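Read through the structure below, which is laid out as structure tokens, and then see the notes.
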2 protein chains.
Amino acid sequence: MSETTVVADPRGETRLRIERAALDLFTSEGFDEVTTDAVADAAGISRRTFFRYFATKADAVWGDFTAHVNRLEVLLAAAGDHQPVLTSICRAYVEVNDYATDDLPMLRQRLRLIFTEPALQAHSQVRYAAVDRAVADHVARRTGASAGALVPRLVATSTRAAATTAFEVWLADGRLPLAWALHDAFDELAAGFPSLRPARPAVR
Amino acid sequence: MSETTVVADPRGETRLRIERAALDLFTSEGFDEVTTDAVADAAGISRRTFFRYFATKADAVWGDFTAHVNRLEVLLAAAGDHQPVLTSICRAYVEVNDYATDDLPMLRQRLRLIFTEPALQAHSQVRYAAVDRAVADHVARRTGASAGALVPRLVATSTRAAATTAFEVWLADGRLPLAWALHDAFDELAAGFPSLRPARPAVR
DNA sequence: ACGCTAGTGACACCGAGTGCCACCGGCAAG
DNA sequence: CTTGCCGGTGGCACTCGGTGTCACTAGCGT
């Protein structure tokens, strides 16, 4: 958050070292089996210092997520009003998750942990809440409704559900690009799940 | 879960006593400010015994949630194939949450805590995952797809998003019945969010 | 040489959760 | 009545995540 981006960036460097150590240890041993002492040792720092970089053991898995949310907010705010709301959200999601191919392995590692380990899965809800708030604000701005009303909230949570589901499928499959998975999920959602009615004209 | 419903039910009785003590203390003092020692004291038991009834401090807030999920599964399995998939899910959600008016205050208390306290919010994701699995299985059964495919997962997570959003709105408002809020959310979701396009024919 | 500051490590502390053992109640068999 | 079993319980010690405090060091300007 501070302007600590001078030259050698000694702070960001050790932060990254901790992150990698944590990711590797959690992946090989399991999140619960690794103590913060072990992570600190592997990163060459003390346990106390670990908690100066990450407020929580779980936080080491979620790189700089607040920056992620901030970028999403900027993208949503910059989206023009000429496109449908859902489209603007989808595009923002796609763009904010447009990683360089070199970063994909680490992203996979993060997501695999988050989706697999119950403790991290639990932690994720708090992170998602920040995303939902951003999207709900965007929808409220576009529709004139209150951000606490049903539709903005619902759009926020269900688009986020679409995004995380796309991530899961992308992670499990490994073939299709992430952007495609996101578009598939959003298309399905925006059209009211057309693949649920194969040839049934909804009797009643 | 067990058949512990004999006559006096001494076990279920103390369990309920713990639950009430926890709910009241958490509501008045805040979840993080109340120690398990305090809850145990208020319930007239020892800390060790508290953890024999609830695996986690947070679990005391979620009554018997596995029974809730089981009922949902039964309702989904019993739903006929004549109605659209989303309708069957909506009806199951409405029916499984059809509480007696006497139970509503306690339900509100639970939900307010769950939605408000970050620690409980985090815990909720693990509970929701069980619900999602049940719904995804139902969708997979109805559509013939794999339960791990995109559409069943997406339907599960977004319908659950609709349900929780409905709960939040119901909790905040207090006027409209829970069933109405659920129907509103599901209608919006099933129709692809019609209230997002007031008079705009989606230019491209 | 002086002080200031940022980053760090050591230590003590709290609270959630767990394993272990000892205790006490009832209850059936002898 | 005594013996032994058994489910529920309490006490205790321990691990581990997380926090507050303090002392130490390295750099850096004066």
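The model shown is predicted, which means the values in this text are computed figures rather than measured ones. A note on names: the letters A, B, ... follow the listed sequences, proteins ahead of strands, and every chain is numbered from 1. Atoms considered below: every heavy atom in the structure, side chains included; atoms not considered: hydrogens, waters and symmetry mates.
Under the 3.5 Å distance criterion, with hydrogens and angles disregarded, a donor-acceptor pair is assigned to the side chains of A:D64 and A:T66. Side-chain polar atoms of B:H123 and B:T56 form no donor-acceptor pair below 3.5 angstrom.
Distance NZ (B:K57) to C1' (D:dG17): 14 Å, rounded to an integer number of Å. Distance B:R47 CZ to D:dC14 P: 15 Å, rounded to the nearest Å. B:D41 places its CG atom 15 Å from the C1' atom of C:dG15, with the value rounded to the nearest Å. In this structure, B:F51 places its CZ atom 18 Å from C1' of D:dG8, rounding to the nearest Å. One can place CZ of A:F50 at 17 Å from C1' of C:dG7, the figure rounded to the nearest angstrom. Atoms CZ (A:R48) and P (D:dG17) sit 14 Å apart, rounded to a whole Å. Protein atom CD1 of B:I18 is 13 Å distant from nucleotide atom P of D:dG8, rounded to whole Å. Atom NE2 of B:H123 and atom P of C:dA16 are 14 Å apart (whole Å).
Two residues are said to be in side-chain contact when any heavy atoms from C-beta on lie closer than 4.5 Å; A:L25 and A:E33 fail this criterion.
At the heavy-atom level, B:V34 lies under 4.0 Å from the strands shown only through sugar-phosphate atoms.
Comparing atom distances between the B:S46 side chain and each of C:dA10, D:dC16, D:dG10 picks out D:dG10 as nearest.
Judged by closest nucleotide on DNA chain D, B:T49 is the one of B:T49 and A:A55 placed further toward the 5' end. Where B:R52 and B:T56 meet DNA chain C, the nucleotide closest to each residue was compared, and B:T56 sits on the side nearer the 5' end.
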Wobble G-U and Watson-Crick pairs count when both distances are under 3.5 Å; given that, what is the 5' to 3' dot-bracket string of DNA chain D, with | for pairing to other strands?
||||||||||||||||||||||||||||||
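A salt bridge is absent between A:R153 and A:D132: the closest approach of a Lys/Arg side-chain nitrogen to an acidic carboxylate oxygen does not fall below 4.0 angstrom.
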Should A:W62 and A:S124 be marked as a side chain to side chain contact (heavy atoms under 4.5 Å, CB included) after you check the CA-CA gap, both sets of side-chain angles, and the distance that decides it?
CA-CA 9 Å; A:W62 298 76; A:S124 67; 3.4 Å; yes
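Of the side-chain N and O atoms in B:Y53, one or more sit less than 4.0 angstrom from OP1 or OP2 of D:dT9.
Among residues two or more places apart in sequence or in another chain, the side-chain contact (heavy atoms from CB on, under 4.5 Å) test is passed with B:A43 by B:I18, B:A21, B:I45.
Evaluation of the ring pair (Phe, Tyr, Trp, His ring centres under 6.0 Å) test over residues 170-190 of chain A, restricted to residues two or more places apart or in two chains, returns A:Y93-A:F186.
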